[in-house]
Amino acid sequence: MKIAIATDTNSGITAMEGEKLGVFVLAMPVNLEETIHYEGIDITSEQLYDAMRQHRDVSTSQPSPGQLMELWDGILAKGYDEIVYIPMSSGLSGSCQSAALFAQDYDGRVQVVDNHRISVTQKESVISALRLVEQGYDAGQIRDFLEKHAYDASIYITVATLKYLKQGGRITPAAAAIGTMLRLKPVLQIQGEKLDAFSKARTMTQAKNTMTKAIKDDIANRFGEKINLDIIHSHNLEAAEEFRKEVLTSFPSIGEVNIFPLSLSVSCHIGPGSLALTCSKVHPEIW
């Protein structure tokens with residue numbers, strides 16, 4: 001069977017990168033003062049962060065049913081038998097549940113994966129799905145595999161402010177509570193659902209040390225040594241490059257640590273100035 005892999009730009013995969021990978025990518029909408037733009041099409045990261053600095057109204061919304069079905073219909077028209085669609089976590093957006101509902105009209109030819117991931121960890125799921133296609137898995141088997149291993153990834157992130165997360169309801173009450181404390185760098189975690197409180201630090205150095213230790217604990221207790229490490233940031237590239245040097249020193253057996261910017265639709269809720277360390281378990285059976 002000919003299986004297509006599709007995702008959205010919350011994964012950090014751009015349309016151009018999607019073409020190189022052989023992945024179909026849905027551009028997520030970004031609302032800028034009630035005007036809808038689409039990531040990678042008619043809004044840049046500089047435009048988004050300029051708007052946020054100017055305290056303009058920035059928000060996100062779900063893709064419309066028409067956009068989603070146009071994507072799927074277009075893929076099937078290219079001769080694919082089935083589609084594996086990997087959206088962002090259902091714990092952070094209703095778009096996953098909506099997609100699963102729309103997929104019911106496709107008689108099993110569209111399998112929507114809810115493996116509770118976002119950003120780089122969502123991208124890792126997409127890469128794994130491509131490998132599973134190469135090994136002959138059908139769409140339903142790929143969905144089952146990804147959902148079975150949904151929690152084999154961690155994100156630890158420190159943000160410059162909790163303002164945007166609180167506005168969008170993307171954090172738990174526990175995480176929101178630490179936002180009332182002055183002069184603290186909150187370290188948050190995502191292990192499948194909403195961002196939750198993990199720790200507090202007084203400086204960025206302490207926050208980075210906290211994230212590094214958390215990943216070391218995950219490697220020792222959850223994932224083992226075969227992992228991918230990545231750094232993500234929102235308009236904070238210089239700090240991310242410095243953090244990469246520190247991470248490579250802390251994890252000498254890791255040959256490569258990549259840096260990725262947060263997607264624009266995710267950045268709307270995180271705000272500028274964030275820094276995160278992510279870890280995804282590598283499954284030898286597909287690699």
Side-chain angles (χ1 to χ4, degrees), residues 6-19 21 23-72 74 85-99 102 112 114 116-123 125-126 155 157 159-171 188 190 193-195 232-237 240 259-276 278:
T7 189
D8 58 45
T9 51
N10 286 315
S11 65
I13 300 176
T14 64
M16 183 179 297
E17 186 179 6
E19 289 183 9
L21 291 171
V23 173
F24 297 91
V25 182
L26 179 68
M28 295 296 288
V30 175
N31 299 330
L32 180 54
E33 295 187 335
E34 300 185 359
T35 299
I36 296 179
H37 301 273
Y38 292 93
E39 183 167 355
I41 297 176
D42 61 353
I43 186 170
T44 66
S45 59
E46 286 301 325
Q47 289 172 325
L48 175 68
Y49 291 120
D50 282 345
M52 297 177 87
R53 281 192 292 266
Q54 296 166 17
H55 304 289
R56 297 167 66 188
D57 184 25
V58 175
S59 62
T60 60
S61 62
Q62 296 183 34
S64 70
Q67 290 170 305
L68 198 54
M69 291 181 176
E70 182 180 356
L71 172 71
W72 294 345
Y85 180 60
I86 308 172
M88 69 183 291
S89 169
S90 62
L92 294 166
S93 171
S95 59
C96 183
Q97 294 97 321
S98 297
F102 304 147
V112 177
D114 183 11
H116 305 290
R117 297 193 183 191
I118 193 168
S119 190
V120 174
T121 59
Q122 182 182 347
K123 180 179 180 178
S125 295
V126 171
I155 297 177
I157 182 168
V159 296
T161 174
L162 287 173
K163 169 186 172 182
Y164 302 101
L165 285 165
K166 290 170 70 176
Q167 286 177 350
R170 260 58 179 191
I171 53 177
L188 308 176
I190 181 166
E193 298 298 335
K194 290 185 178 182
L195 282 158
I232 50 179
H233 71 96
S234 56
H235 205 55
N236 204 15
L237 179 57
I259 296 175
F260 298 100
L262 273 176
S263 69
L264 300 193
S265 50
V266 178
S267 295
C268 285
H269 300 288
I270 295 293
S274 71
L275 198 60
T278 79

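Nothing fancy with the numbering, it's 1 onward along the sequence. Note that these values count all heavy atoms, side chains included, but never hydrogens, waters or copies made by symmetry.
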Stepwise side chain to side chain contact (heavy atoms under 4.5 Å, CB included) check, Ser263 with Met28: CA-CA 9 Å; Ser263 69; Met28 295 296 288; over 6 Å; no
Worked check of side-chain hydrogen bond (donor to acceptor under 3.5 Å, both in side chains) between Glu17 and Thr14: CA-CA 5 Å; Glu17 186 179 6; Thr14 64; 4.5 Å; no
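Counted within 6.0 Å of CD on Glu70, heavy atoms from surrounding residues, nucleotides or ligands total 12 or fewer; the atom is thus considered open. In the displayed structure, Gln54 atom CD is contacted under 6.0 Å by more than 12 heavy atoms of other residues, nucleotides or ligands.
Across every non-hydrogen atom of Trp72 and Ala99, the tightest pair is CH2-O, 3.4 Å. Here the closest non-hydrogen pair linking Asp42 and Ile36 is OD2-O, 4.3 Å. Scanning all heavy atoms of the two residues, the minimum distance from Ser267 to Leu262 falls at OG-CB, 3.3 Å. The minimum heavy-atom distance between Val23 and Ala6, with the atom names listed, is CG1-CA, 4.3 Å. Nearest heavy atoms, Gly273 versus Asn236: O-ND2, 3.3 Å. Closest non-hydrogen pair, Pro272 versus Met52, comes out as CD-CE, 4.1 Å.
Using a 4.5 Å heavy-atom cutoff, the side chains of Cys96 and Ser89 are not in contact. Here the side chains of Pro261 and His233 are in contact, with some heavy-atom distance below 4.5 Å. In this structure, the side chains of Val266 and Ile232 stay at 4.5 Å or more apart for every pair of heavy atoms.
Going from atom CZ of Phe24 over to atom CD1 of Ile86 covers 13.0 Å, rounded to the nearest 0.5 Å. A distance of 12.0 Å separates OG in Ser119 from CZ in Arg117, rounded to the nearest 0.5 Å. Rounded to the nearest 0.5 Å, atoms SG (Cys268) and CG (Leu48) are 4.5 Å apart. Separating the OG1 atom in Thr278 from the CD atom in Gln122 is a distance of 12.5 Å, to the nearest 0.5 Å. Distance check, rounded to the nearest 0.5 Å: NE2 of His55 to CG of Asp57 gives 13.0 Å. Taking NE2 from His116 and CD1 from Ile190, the interatomic distance works out to 10.5 Å, rounded to the nearest 0.5 Å.
Checked by atom type and distance alone, the side chain of Ser234 pairs as donor or acceptor with a backbone atom of Ser274 at under 3.5 Å.
With sequence neighbours excluded, the residues satisfying side-chain hydrogen bond (donor to acceptor under 3.5 Å, both in side chains) with Ser98 are Gln62. Applying the side chain to side chain contact (heavy atoms under 4.5 Å, CB included) rule to Glu46 yields the partners Thr44, Asp50, Arg53, His235; only residues at least two apart in sequence or on another chain are considered.
The closest side-chain donor-acceptor pair between Thr9 and Tyr38, if any, does not fall under 3.5 angstrom.
Exactly one residue among Asn10, Asp8, Thr60 makes a side chain to side chain donor-acceptor pair (under 3.5 Å) with Ser265. That residue is Asn10.
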